[in-house]
Amino acid sequence: MENKSIGVFIDGGYYAKINEGFDNTRKVNLKGLLSFITGRIAKEENLERKHLYITECHYYRGRYRADEARSRNLLLEERKFEDMLIENDVIFHYKHLRTNPQGGVIEKGVDTWFALDTYELTLFREFDYVVLISGDADHEMLARKLKALKTHVILLTWDPANTASTSRFLKEEVCTHFDMNSIIAEDSSLLKMLTV
């Protein structure tokens with residue numbers, strides 16, 4: 001049997017919302033989540049797991065400049081998070097956050113970068129499956145364009161706080177939707193594998 005490749009693309013803002021939904025009681029175990037993705041695709045597509053490979057995993061997020069992160073006591077936390085990404089072979093992409101005149105934080109351009117990179121990498125790497133960990137309505141057109149490349153697009157969403165933060169239009173556009181709330185409700189033992 002021919003090996004199949006999986007590209008995973010993580011919207012960092014959405015990933016942070018997942019962790020916030022656990023209210024500091026748990027955090028996503030990224031290694032467990034990536035393992036789950038491979039196993040679930042194998043199960044749903046009736047494939048042998050040994051023929052499925054996550055060949056690339058990318059993470060996109062806005063982040064504070066060093067001085068601002070230091071003043072907010074975030075440097076150590078950010079470094080530990082990056083260590084976890086590195087340990088799981090995740091390629092991270094950061095864009096500096098900006099502040100508006102009222103002092104609020106603006107994350108500009110990250111969603112566009114996420115979409116452009118996902119499309120370009122899928123075009124050149126010819127992933128058989130692309131997993132989007134996102135809930136953003138802006139990625140609806142990305143999903144449509146990826147399907148035009150004959151790529152099976154999977155949306156993975158997880159809403160521990162039940163805030164309904166996933167776009168209905170995005171869910172309707174993808175080929176497959178892994179709704180982690182429903183999946184864990186069917187098999188509660190997964191929560192131990194997927195969180196720390």
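Residues Thr118 and Val130 form a side-chain contact, since some pair of their non-hydrogen atoms from C-beta on lies under 4.5 Å apart. Put simply, the side chain of Leu194 reaches to within 4.5 Å of the side chain of Ile184, judged on heavy atoms. Between Arg26 and Leu191, the closest side-chain pair of non-hydrogen atoms falls below 4.5 Å. Residues Leu121 and His58 meet the side-chain proximity criterion, which asks for heavy atoms closer than 4.5 Å. A 4.5 Å side-chain heavy-atom check between Asp117 and His93 finds at least one atom pair inside the cut-off. No side-chain heavy atom of Thr151 sits less than 4.5 Å from a side-chain heavy atom of Asp128. Residues Asp136 and Asp11 meet the side-chain proximity criterion, which asks for heavy atoms closer than 4.5 Å. No side-chain heavy atom of Thr195 sits less than 4.5 Å from a side-chain heavy atom of Val28.
With sequence neighbours excluded, the residues that form a ring pair (Phe, Tyr, Trp, His ring centres under 6.0 Å) with Tyr94 are Phe92. In terms of the ring pair (Phe, Tyr, Trp, His ring centres under 6.0 Å) criterion, residue partners of Phe114 (sequence neighbours excluded) are, by chain and number, Tyr60, His139. The salt bridge (charged side-chain N to carboxylate O under 4.0 Å, His left out) search around Arg125 returns Glu56, not counting sequence neighbours. Remark: Glu68 engages Tyr64, Ser71, Arg72 in a side chain to side chain contact (heavy atoms under 4.5 Å, CB included) (not counting sequence neighbours). Legend: residues meeting salt bridge (charged side-chain N to carboxylate O under 4.0 Å, His left out) with Glu126, ordered by chain and number and at least two apart, are absent. With sequence neighbours left out, His152 forms a ring pair (Phe, Tyr, Trp, His ring centres under 6.0 Å) with Tyr129. In this view, Phe22 and Trp158 satisfy the ring pair (Phe, Tyr, Trp, His ring centres under 6.0 Å) rule, not counting sequence neighbours.
Of the residues Ile133, Leu30, Ile10, Ile91, the one that meets the side chain to side chain contact (heavy atoms under 4.5 Å, CB included) test with Cys57 is Ile10. Each of Val131, Val153, Leu146, Leu142 was scored for a side chain to side chain contact (heavy atoms under 4.5 Å, CB included) with Val174, with one residue passing: Val153.
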Under 3.5 Å, sequence neighbours excluded: what are the donor-acceptor pairs made by side chains of residues 77-88?
unit_1	atom_1	unit_2	atom_2	d
Glu82	OE2	Arg63	NH1	2.1
Asn88	ND2	Met84	O	2.8

Going by atom type alone, with no hydrogens or angles, which donor-acceptor pairs under 3.5 Å involve a side-chain atom of residues 35-42 and a protein atom two or more places apart or on another chain?
unit_1	atom_1	unit_2	atom_2	d
Ser35	OG	Arg49	NH2	2.7
Thr38	OG1	Leu34	O	3.3
Arg40	NE	Glu44	OE2	3.1
Arg40	NH2	Glu44	OE2	3.4

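Under the ring-ring contact (aromatic ring centres under 6.0 Å, His included) criterion, no residue pair touches residues 170-196, with sequence neighbours excluded. The salt bridge (Lys or Arg N to Asp or Glu O under 4.0 Å) analysis of residues 181-196, with sequence neighbours excluded, yields no pairs. Among pairs with a residue in residues 145-154, those fulfilling salt bridge (Lys or Arg N to Asp or Glu O under 4.0 Å) read Lys147-Glu173, at least two apart in sequence or across chains.
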Show the numbers, then the answer: is there a side chain to side chain contact (heavy atoms under 4.5 Å, CB included) between Asn73 and Leu75? CA-CA 6 Å; Asn73 293 319; Leu75 280 178; over 6 Å; no
Trace of the side chain to side chain contact (heavy atoms under 4.5 Å, CB included) decision for Asn3 with Leu52: CA-CA 6 Å; Asn3 291 332; Leu52 276 172; over 6 Å; no
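Ile6 and Phe124 fall into different hydrophobic clusters, where Ile, Leu, Val, Met, Phe, Trp and Tyr are joined by side-chain heavy atoms under 4.5 Å apart, directly or via other members. A single hydrophobic cluster is seen to contain both Leu47 and Val8, as judged by linkage of ILVMFWY side chains at heavy-atom distances under 4.5 Å, directly or through other members. Taken together through direct or relayed side-chain contacts under 4.5 Å among Ile, Leu, Val, Met, Phe, Trp and Tyr, Tyr59 and Trp113 form parts of separate hydrophobic clusters. Linking ILVMFWY side-chain heavy atoms closer than 4.5 Å, directly or via other members, places Ile154 and Tyr119 in two distinct hydrophobic clusters. No single ILVMFWY cluster, assembled from side-chain heavy atoms under 4.5 Å apart, contains both Ile18 and Leu155.
In plain terms, the two heavy atoms of Leu170 and Ser134 that are nearest each other are CD2-O, 4.1 Å. Ala161 and Gly21 get closest at one heavy-atom pair: CB-CA, 3.8 Å.
Between the side chain of Asp179 and the backbone N or O of Asn181 there is at least one donor-acceptor pair closer than 3.5 Å.
Here the OH-CD distance, from Tyr14 to Glu20, works out to 12.0 Å after rounding to the nearest 0.5 Å. Atom CZ of Arg61 sits about 7.5 Å away from atom CG of Leu97, to the nearest 0.5 Å.
The neighbour count for Tyr53 OH, taken as heavy atoms of other residues, nucleotides or ligands under 6.0 Å away, is above 12.
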